[in-house]
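A, B, ... follow the sequence lines: proteins, then strands. Residue 1 opens every chain. Nothing here was measured: the structure is a model prediction, and the numbers come from that model.
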Amino acid sequence: MTALLQVDELKTYFFTRDGLFKSVDGISLTVKKGKTLALVGESGSGKSVSMLSLLGLIPQPPGRIVGGKAFFHDRDLLHLPDRELQALRGEKIAMIFQDPMTSLNPYLRVSIQLTEGLRAHHNEISKKEARRRAIEALEHVGIPDAKQRIDRYPHEFSGGMRQRVMIAMALISRPELLIADEPTTALDVTIQAQILNLLKNLQKEMNLSIILITHDLGVVAGMADEICVMYAGKIVERGTADDIFYTPSHPYTIGLLGSMPRLDSGKGDLKAIPGLPPDPSRLPKGCPFADRCPKVMRQCRDDHPLPLRKYSSTQEALCYWEKKEGEKT
Amino acid sequence: MTELMLAARDLKMYFPTYKGVLFRKQDSLIQAVNGVTLDLFKGETLGLVGESGCGKTTLGRTLIRLYSPTDGHIELCGQDITRLDGAALRKHRSNIQMIFQDPYASLDPRMTVFDIIAEPIRACEKVLARKELEKTVADLMETVGLSSRYIRKYPHEFSGGQRQRIAIARAVAIRPKVILCDEPVSALDVSIQAQILNLLKDLQKEFHLSYLFIAHDISVVRYISDRIAVMYLGKIVELANTEDLFGSPQHPYTKALLSAVPLADPRKERVREQILLHGDLPSPAHPPSGCPFHTRCPWKMDVCTRVVPPNFKAGEGHHAACHLLDEKLMTKQ
């Protein structure tokens with residue numbers, strides 16, 4: 001299995017009047033060809049910022065990528081000239097966002113928005129050819145009457161259909177990597193099921209790699225091959241889907257799973273995680289989760305890098321506390 | 001659990017839409033709530049689930065008389081409030097309070113926490129001396145898990161979860177009997193969501209509250225509700241005890257809805273059978289004839305396009321509006 005994207009110690013900080021925000025604080029991850037990597041975490045944990053950093057979409061200033069490398073094939077995205085990054089963005093790496101209504105331009109017909117990217121990357125494609133490919137792309141994502149509907153405006157589509165248009169737009173140039181930022185959060189469950197199914201089928205068909213950003217652990221369970229759990233700018237645990245759901249080893253992951261109401265188990269009390277995530281401009285020394293952690297120890301607040309515990313070849317956690325075999329959590 | 005707190009009988013709420021500038025004429029009628037009958041008993045939580053646009057919020061708001069219903073009846077604590085207004089309505093309003101979805105929009109940014117929580121107490125003409133009022137508010141804050149040191153702070157100084165706690169304190173301030181919770185946790189992160197759900201449960205026990213709990217997240221509704229009503233296009237298509245609804249859902253829409261919820265368990269998720277619905281919710285301005293769900297139903301029959309299905313009993317306190325439950329019809333076929 002070859003790595004398509006390899007991110008090493010990425011750090012994105014924001015330098016604002018209110019102080020220094022370490023939004024992404026040294027994350028490393030690997031995306032394999034044809035696989036799905038999920039970034040899970042709560043709002044403000046740095047999921048979206050890390051992905052926007054890769055695509056050079058962080059407003060600078062106040063943001064700055066202060067360190068790290070991100071190899072896509074053999075090119076470092078973080079140190080690529082603008083022009084070369086521009087050529088990759090939308091062409092080889094595409095992104096879809098949470099709210100299809102705000103990411104589509106309400107003034108432009110869908111046809112124009114679909115062909116725009118294609119024509120920007122390929123001068124040689126004629127208008128007619130671009131339109132043909134756009135219709136093909138719409139049919140591909142399951143929009144009925146694509147030939148007629150391509151000339152409609154975004155408001156004439158329902159939420160689910162709009163998200164399909166977004167997906168068609170992202171996949172029209174046959175990218176290798178799709179970054180999906182909360183792609184179904186704004187949708188109803190029945191529509192969410194349709195869109196997730198569509199993504200899975202397209203992935204198989206195009207051997208697409210997906211980075212799925214979400215806060216919904218349910219969505220992750222069915223989609224992800226590998227999961228990275230983020231908290232306050234750090235990846236606190238990573239593992240396969242089975243590792244994370246069946247043998248979670250970081251207290252935050254354990255807390256997150258325990259605080260989620262589920263359909264498939266008893267109605268026992270939810271174990272909420274007490275307290276709040278730390279203010280990203282005033283991160284504590286040591287582990288950012290220490291104040292909420294039930295397993296907190298003295299050394300957790302030390303000013304040293306946290307130890308990375310390896311539990312298996314696929315699972316590791318950033319934590320002093322070591323889960324013992326069979327320990328109840 | 002026998003005392004009836006809030007009841008709706010064949011409740012309808014239609015909104016006319018207009019077109020034209022000079023000569024405005026009625027264009028269509030949005031049938032947001034289209035004949036809903038339900039009961040809320042003392043101390044219970046009735047969950048209301050459905051997709052966006054199905055009329056959940058309109059139903060909630062009609063029930064507390066933020067709207068004047070087009071047709072039907074509403075009873076609050078044994079009193080018909082369908083056509084009350086002015087002072088008479090206000091008197092009964094103190095029995096019911098509301099918690100909204102967005103704690104950023106539902107708290108006045110220019111009021112201190114003290115003023116926010118004291119407002120309903122003052123509005124109910126329960127005149128208290130300033131000192132006494134401050135003590136009451138401070139107690140309420142502690143009840144919902146906020147330090148009373150923050151009494152002089154403004155909403156922007158709090159996080160989303162804390163703001164929702166302020167909204168909850170405001171809702172319980174005048175000891176209402178019923179609280180309408182409209183998506184109270186959907187704007188919150190999971191770890192905070194669990195804190196708020198547990199708080200709501202604790203308060204319910206403490207104050208014997210009845211909740212009408214509106215949400216689109218089915219796992220959340222299951223966690224908090226005793227009974228659940230499933231709404232589709234302005235109608236309640238199924239109503240049952242929580243266990244029955246999840247154990248043996250009867251209406252095809254309920255089945256599809258439950259099967260669409262992703263499970264946080266990779267092994268179960270890999271083998272989960274889904275009923276994938278095609279298409280989207282029809283427009284409530286032009287609801288389909290017969291059963292509102294027939295346009296998306298995988299088990300559609302001829303009769304569904306013509307006849308509106310009545311409620312069929314599927315068990316104790318469990319009913320669903322679907323022709324498939326009509327034994328006479330089914331044996332004939």
Checked Leu257(A), Asp242(A), Val219(A) vs chain B; the most non-hydrogen pairs under 4.5 Å come from Asp242(A)
Residues passing the salt bridge (Lys or Arg N to Asp or Glu O under 4.0 Å) test with Asp18(A), sequence neighbours excluded, are none
Okay, side chain of Thr214(A), backbone of Val40(A): is any donor-acceptor separation there less than 3.5 Å?
no
From the list Val190(B), Ile218(B), Ile275(B), Leu257(B), the residue making the most non-hydrogen contacts under 4.5 Å with chain A is Val190(B)
- Task: Name the orientation class of the two ring planes belonging to His156(B) and Tyr154(B) (parallel below 30°, tilted from 30 to 60°, perpendicular beyond 60°).
- Result: parallel
Counting heavy-atom pairs under 4.5 Å with chain A, the top scorer among Ala260(B), Ala194(B), Ser191(B) is Ser191(B)
Under 4.5 Å to a heavy atom of chain B? For Glu42(A) that would be both
- So, does Lys47(A) use its side chain to make a donor-acceptor pair with the main chain of Gly41(A) at under 3.5 Å? yes
Under 4.5 Å to a heavy atom of chain A? For Ile196(B) that would be neither
Check: Taking atom types as modelled, is there a side-chain donor on Thr184(A) or Gln163(A) under 3.5 Å from an acceptor on the other?
Finding: no
The interface call for Ser159(B) against chain A, heavy-atom contacts under 4.5 Å, is side chain
State whether the side chain of Asn241(B) and the backbone N or O of Glu243(B) hold a donor-acceptor pair below 3.5 Å, judged by distance alone. no
For the pair Ser210(B) (side chain) and Gly43(B) (backbone), establish whether a donor and an acceptor sit closer than 3.5 Å, ignoring hydrogens and angles. yes
Is a donor on one side and an acceptor on the other found under 3.5 Å between the side chain of Lys56(B) and the backbone of Ile214(B)?
no
Checked Ile192(B), Leu263(B), Val220(B) vs chain A; the most non-hydrogen pairs under 4.5 Å come from Leu263(B)
Chain A shares the most heavy-atom pairs under 4.5 Å, among Gln195(B), Gln193(B), Glu269(B), Arg267(B), with Arg267(B)
- Sidechain-backbone polar pair: Arg165(B) side chain, Val144(B) backbone, donor-acceptor under 3.5 Å: yes
If you tally heavy-atom pairs under 4.5 Å between each of Gly161(B), Gly145(B), Pro262(B) and chain A, the highest tally belongs to Pro262(B)
If one checks every heavy atom of Leu197(B) against chain A at 4.5 Å, the contacting part turns out to be side chain
I'd like to check Val49(B) versus Ile228(B) (side-chain heavy atoms, cut-off strictly below 4.5 Å). Are they in contact? yes
ask   = Any side-chain donor-acceptor pair under 3.5 Å between His318(B) and Gln250(B)?
value = no
Whatever's closer than 4.5 Å to a heavy atom in chain B on Tyr246(A) counts as side chain
Taking a cut-off of under 4.5 angstrom between non-hydrogen atoms, the residues of residues 225-241 of chain A near chain B are Ala241(A)
Worksheet item: Does atom CD of Glu205(A) have more than 12 heavy-atom neighbours from other groups under 6.0 Å away?
Response: yes
Of the listed Leu258(B), Asp217(B), Val261(B), Leu281(B), the one with the largest count of heavy-atom pairs under 4.5 Å with chain A is Val261(B)
Bottom line for Gln274(B): the part with an atom under 4.5 Å from chain A's heavy atoms is side chain
For Tyr211(B) and Glu44(B), indicate whether the former's side chain and the latter's backbone hold a donor-acceptor pair under 3.5 Å.
-> no
Applying a strict 4.5 Å limit to non-hydrogen atoms, the region of Leu277(B) in contact with chain A is both
Side-chain (Asp181(A)) to main-chain (Gln98(A)) donor-acceptor, under 3.5 angstrom: no
Residue from Arg292(A), Met161(A), Met223(A) scoring the most non-hydrogen pairs under 4.5 Å with chain B is Arg292(A)
Looking only at Ser259(A), Gly258(A), Gly142(A), most heavy-atom pairs under 4.5 Å shared with chain B are made by Ser259(A)
Bottom line for Asn198(B): the part with an atom under 4.5 Å from chain A's heavy atoms is side chain
Assert top hit (heavy-atom pairs under 4.5 Å, partner chain B, pool Leu187(A), Leu256(A), Ile191(A), Thr190(A)) equals Thr190(A)
Most contact-rich option vs chain B, by heavy-atom pairs under 4.5 angstrom, among Pro261(A), Gly275(A), Ala193(A), is Pro261(A)
### Task
Could you tell me how the ring of His251(B) sits relative to the ring of Tyr253(B): parallel (under 30°), tilted (30 to 60°) or perpendicular (over 60°)?
perpendicular
